[in-house]
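Step one of this worksheet: look at the structure below.
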Amino acid sequence: MLTVLSLVFAVLSGPADRLADPAFLASLTAPGDDSARWDALQALWNAGPEEGVQPVRQIRLPVEHHANGRVKALLTAREAWISSSNTVLRATSVELRYLSEKGAQEGVLKAEGLIVDRAARAARAFGAVEVMLNGNTMTGRGAVFDLQTRYIRILSEARLKTNRFGGAFSMKGVFEPKKGDVNE
């Protein structure tokens with residue numbers, strides 16, 4: 001069901017013509033099947049910060065840039081540790097903002113904890129997670145991300161809220177109408 005919620009979220013947060021693109025559809029399922037990537041990130045998180053690396057507090061860090069040089073992803077966190085190889089970032093009380101090439105905000109990810117492997121273009125969030133994109137919000141506990149395809153999978157307690165239908169999908173996929181909705 002979590003993969004279904006990820007599919008619904010991807011569809012609701014982008015143009016409808018993406019459903020005709022086989023590469024887009026493959027990107028929704030393929031990253032979720034690659035559990036070795038997510039297990040490696042879990043092991044890195046469990047190992048704790050690299051020895052000798054000091055935390056940076058109240059960090060604001062561009063993580064990715066568009067071809068035109070503008071910031072594509074901007075991370076803010078209460079505390080962060082960056083590995084000596086400069087490829088692994090772990091952070092607490094995280095907010096990651098995705099920006100368009102013109103600088104407009106496209107989406108926001110919030111998490112209690114996050115570890116990013118920039119070389120593998122993968123990330124894993126821990127604790128409460130909230131993803132907001134185009135008026136849609138996906139929440140839950142724990143998540144995995146493929147940074148290249150922007151695939152997101154909530155690991156537990158997944159919930160999707162959307163304005164398109166006036167209600168929310170729960171983890172069981174049940175539509176819950178707003179109070180006063182004609183379908184109530």
Q) When you look at Ile154 and Thr139, which way does the side-chain contact (heavy atoms from CB on, under 4.5 Å) test go after all the steps? A) CA-CA 7 Å; Ile154 301 293; Thr139 60; over 6 Å; no

**Q.** Working for side-chain contact (heavy atoms from CB on, under 4.5 Å), residues Val94 and Leu75
**A.** CA-CA 7 Å; Val94 179; Leu75 178 128; 3.8 Å; yes

Q) Going through the checks in order, is the side-chain contact (heavy atoms from CB on, under 4.5 Å) test met by Leu109 and Ile152? A) CA-CA 10 Å; Leu109 159 81; Ile152 300 170; 5.9 Å; no

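No donor-acceptor pair closer than 3.5 Å links the side chain of Arg70 to the backbone N or O of Ser100. In this structure, Arg90 contributes its side chain and Trp45 its backbone to a donor-acceptor pair below 3.5 Å.
Smallest separation of non-hydrogen atoms from Gln42 and Phe126: OE1-CE2, 3.3 Å. Closest of all the heavy-atom pairs between Ser83 and Glu50 is CB-OE1, 3.3 Å. Minimum heavy-atom separation, Leu114 to Ala123: CD1-CB, 4.2 Å.
Contact check for Met132 versus Lys110: side-chain heavy atoms found under the 4.5 Å cut-off. Taking the side chain as every heavy atom from C-beta outward, Trp81 and Thr92 approach each other to under 4.5 Å.
With sequence neighbours excluded, no residue forms a salt bridge (charged side-chain N to carboxylate O under 4.0 Å, His left out) with Glu101.
Using a cut-off of 4.0 Å between Lys/Arg side-chain N and Asp/Glu carboxylate O, Glu130 and Lys161 are scored as not salt-bridged.
Atoms NZ and NE2, on Lys72 and His65 in that order, are 11.5 Å from each other to the nearest 0.5 Å. Atoms CZ and CZ, from Arg159 and Arg141 in turn, are 15.5 Å apart once rounded to the nearest 0.5 Å.
Residues Val131 and Leu99 fall into different hydrophobic clusters, defined by Ile, Leu, Val, Met, Phe, Trp and Tyr side chains chained together at heavy-atom separations under 4.5 Å.
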